[in-house]
2 protein chains.
Amino acid sequence: MDDLQPPGRLVTLTDVARAAGVGESTVSRVLRNHGSYSKRAGERVAEAVARLGYVPNRLAGSLAGQGASARLVGVVIPSLANVVFPDLLRGLTAALDAEGVPCVIGVSDYDPDREEALVAALLSWRPAALLLTGLEHNPGTVVLARAGGVRVVEMIDTDGEGIDAVVGFSNRAVGAASARHLVGRGYRRIAYLGHDLGVDLRAGKRLAGFEAALAEAGLALHGHEIRPGPSSPASGRAGLEALLARHPDLDAVYFSNDDMALGGYFACLAAGLAVPGRLALFGFNGLDFAAAMPQPLSTVRTPRLEIGRQAAACLMGDGPKKIDLGFTLIEGATA
Amino acid sequence: MDDLQPPGRLVTLTDVARAAGVGESTVSRVLRNHGSYSKRAGERVAEAVARLGYVPNRLAGSLAGQGASARLVGVVIPSLANVVFPDLLRGLTAALDAEGVPCVIGVSDYDPDREEALVAALLSWRPAALLLTGLEHNPGTVVLARAGGVRVVEMIDTDGEGIDAVVGFSNRAVGAASARHLVGRGYRRIAYLGHDLGVDLRAGKRLAGFEAALAEAGLALHGHEIRPGPSSPASGRAGLEALLARHPDLDAVYFSNDDMALGGYFACLAAGLAVPGRLALFGFNGLDFAAAMPQPLSTVRTPRLEIGRQAAACLMGDGPKKIDLGFTLIEGATA
DNA sequence: TCGCCTTTTGGCAGCGCTGCCAATCCAGTT
DNA sequence: AACTGGATTGGCAGCGCTGCCAAAAGGCGA
């Protein structure tokens, strides 16, 4: 594939300098608009850049520059299959693109070892900052991140201690608020329906908060179904059918997220179960479709874009170490 | 933020060489497992690397290496809000992470000028390859991409000429197949409900293919609703309500994608319209939820992950210049 | 033990850029 | 015209690494 472009050397700053009849430093100053230079020099450089089609080499620039760190941000997320993470990236890139800082991303597939490998790989690009998801990491990941000499921001989860800065919300609190809502509405035989907790630690924290709040009300989970694999409407639908077969007397279900809840809603529609009359449904995330349902889904809206934005802001300025952006309980009409 | 890490210099390859009592070149050879070195040298280097916590500096490595191009891939996508693009990234990162090549991403927000700026920014990192979305770009973008001396792959759309390699499917053909399906089922008063076509050119191509196939059958669109803004279930629901108010006699609706179709389905549920008895619905994309609906959505499944994977493969080897991965029409039960 | 060939090794230039410094220029003063 | 201070400029070292090359170290049969 490399023999396709034998154009020899790409245009360098030295070429521009020669073409513009000025020194290299002048070109550098003009291009970065840093230091002082005459109007004339600016024009000649601009002209030469345009004529030669010069594209700066940031590898060289970053290497030579102060601190030798690149204007890049390394991001490790567990998955791209769950809307939450693209939303996070969306907030992030919106804020970073404005600064002209691109993200280098790695997807860990919820595997801590892959995460560690990705952190090492990303650090080798000497990013200006590193963004991780959640607070649970391999010890090696933490050592690497600390030794990397970069700002580290952990996103989404605030239930625990971070390496450096943390931006997110409390998943435990979300679970507790959800439980209190259901209990307050009079539901008593409440089941949990989720996807694999072994990998999604934050779903586990929500469940823990949920059960704790249930316990405060003198209740316990009335049924429990954990589906292998990632969350999806299909999994939610199959899961609810399984759950109802085992516990026909359920009156409410707390889902690990809205995707699962949508599947549950579909199951109810298909089975002709009145929602919430016969069965109440409660989700998590507050995705777009939740509000468009015939009966808006009862759920908790999480500030996903805002987490991304604040995380980006956190990289730039020196904000507080822990930012809890909270969440919003959406009453909806399904619970 | 930078005064937080005054740890002085990070560990360099020279430090490792000194600590291991070997030359720099030997360390380099060991680390890249390139060239020959003794077992003893390998062990001493490995020990020193572990002891010092050395993380290579790829900025320097790439700068010094052959062709001075980085083991990075630049990706420009129009949005992260539409599942399609995260899915694309998913296929991509799955294939690239295996090779240890991270993606540097930029989000253009469907703006050709932003796309051009992002291409320039990404090229300045001297990526090994550049991945763009769609075939329509600013002339400047094309010039840049060509001059960058990198392999360029355009994803998703095969209806037109690419800069270098193209991986995707024909949106026109998707539209035509969808129309033929609806016509074959006996629907005659068919409307189109979509989001902003000005930005989503591929949706426009589908619609063009759809109308062309309709014309072949002697039909024309019976109603037409374009919603401003991005696609979403909420937009689909509101759109269908508006459409039905204007054309109460519709018997089928072709949606710009499944998200819009889901909103349409919700609108039918809410209004008590039988699907497909009273109104048939047809989507596009074949998202997860489509199969979990009480009546599986009639739609077209696109090979999003596979496009990402093939695009990655395309960067490595020298595959064909144009790969059409086709699509699958899913009959479903809504049309 | 010696010569010959292969494996292993270290030195060093240089990738393209930035930061520092000293040189130059220029306008305003004296 | 000489002088002064700030604005502008170019030269050059060096960022951390790789590729090249020549030197050193082994291996082995004679």
Side-chain angles (χ1 to χ4, degrees), chain A residues 2 8-45 48-49 52-72 123-128 148-149, chain B residues 2 8-45 48-49 52-72 123-128 148-149:
Chain A
D2 285 326
R9 249 171 54 278
L10 261 53
V11 181
T12 70
L13 181 141
T14 309
D15 298 328
V16 175
R18 196 165 15 239
V22 301
E24 300 177 32
S25 339
T26 300
V27 177
S28 177
R29 277 186 290 256
V30 171
L31 289 177
R32 288 175 303 143
N33 193 30
H34 176 272
S36 68
Y37 55 87
S38 63
K39 195 175 163 190
R40 201 180 102 93
E43 286 162 358
R44 300 187 62 157
V45 169
V49 164
L52 302 181
Y54 171 67
V55 176
N57 183 335
R58 286 188 190 279
L59 296 173
S62 303
L63 184 62
Q66 293 284 50
S69 103
R71 295 261 297 168
L72 281 177
L123 282 177
S124 74
W125 292 104
R126 296 291 185 268
Chain B
D2 286 324
R9 249 170 54 276
L10 261 54
V11 183
T12 70
L13 180 141
T14 309
D15 298 328
V16 174
R18 195 165 15 239
V22 300
E24 301 176 33
S25 339
T26 301
V27 177
S28 176
R29 277 185 291 256
V30 171
L31 290 176
R32 288 176 301 144
N33 192 31
H34 177 273
S36 68
Y37 54 89
S38 62
K39 195 176 162 190
R40 202 181 102 91
E43 286 162 358
R44 300 187 62 157
V45 169
V49 164
L52 301 181
Y54 171 67
V55 176
N57 184 335
R58 285 187 190 279
L59 296 174
S62 304
L63 184 62
Q66 293 284 49
S69 104
R71 295 261 297 166
L72 281 176
L123 282 176
S124 74
W125 293 105
R126 296 291 185 267

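Proteins get letters first, then strands, A, B, ... in listed order; numbering begins at 1 in each.
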Distance check needed: [N] [atom2] versus [X] [atom1], whole Å only.
{"X": "Y37(A)", "N": "dT18(C)", "atom1": "OH", "atom2": "P", "value": "13 Å"}
{"X": "R18(B)", "N": "dC17(D)", "atom1": "CZ", "atom2": "P", "value": "12 Å"}
{"X": "L52(A)", "N": "dG16(C)", "atom1": "CG", "atom2": "C1'", "value": "15 Å"}
{"X": "D15(B)", "N": "dC17(D)", "atom1": "CG", "atom2": "C1'", "value": "13 Å"}
{"X": "E24(A)", "N": "dC17(C)", "atom1": "CD", "atom2": "P", "value": "9 Å"}
{"X": "K39(B)", "N": "dG26(D)", "atom1": "NZ", "atom2": "P", "value": "16 Å"}

Please state whether the phosphate of [N], meaning OP1 or OP2, lies under 4.0 angstrom from any side-chain nitrogen or oxygen of [X].
{"X": "Y54(B)", "N": "dC17(D)", "answer": "yes"}
{"X": "R32(B)", "N": "dG19(D)", "answer": "yes"}
{"X": "T26(B)", "N": "dG10(C)", "answer": "yes"}

Which of the following nucleotides, [options], is nearest to the side chain of [X]?
{"X": "R29(A)", "options": "dC17(C), dT9(C), dC20(C)", "result": "dC20(C)"}
{"X": "A64(A)", "options": "dC20(D), dC17(C), dG10(D)", "result": "dC17(C)"}
{"X": "S25(A)", "options": "dT18(C), dG10(D), dG19(D)", "result": "dG10(D)"}
{"X": "L63(A)", "options": "dT9(D), dG16(C), dC17(D)", "result": "dG16(C)"}
{"X": "S38(A)", "options": "dT9(C), dT9(D), dT18(C)", "result": "dT9(D)"}
{"X": "S28(A)", "options": "dG10(D), dT18(C), dG10(C)", "result": "dT18(C)"}
{"X": "N57(A)", "options": "dT9(C), dT9(D), dC17(C)", "result": "dC17(C)"}

- Message: Taking atom types as they are modelled, would you say the side chain of S36(A) forms a donor-acceptor pair with the base of dG6(D) within the 3.5 Å cutoff?
- Response: no

- Partner of V27(A) under side chain to side chain contact (heavy atoms under 4.5 Å, CB included), picked from T14(A), T12(A), D15(A), L13(A), is L13(A)

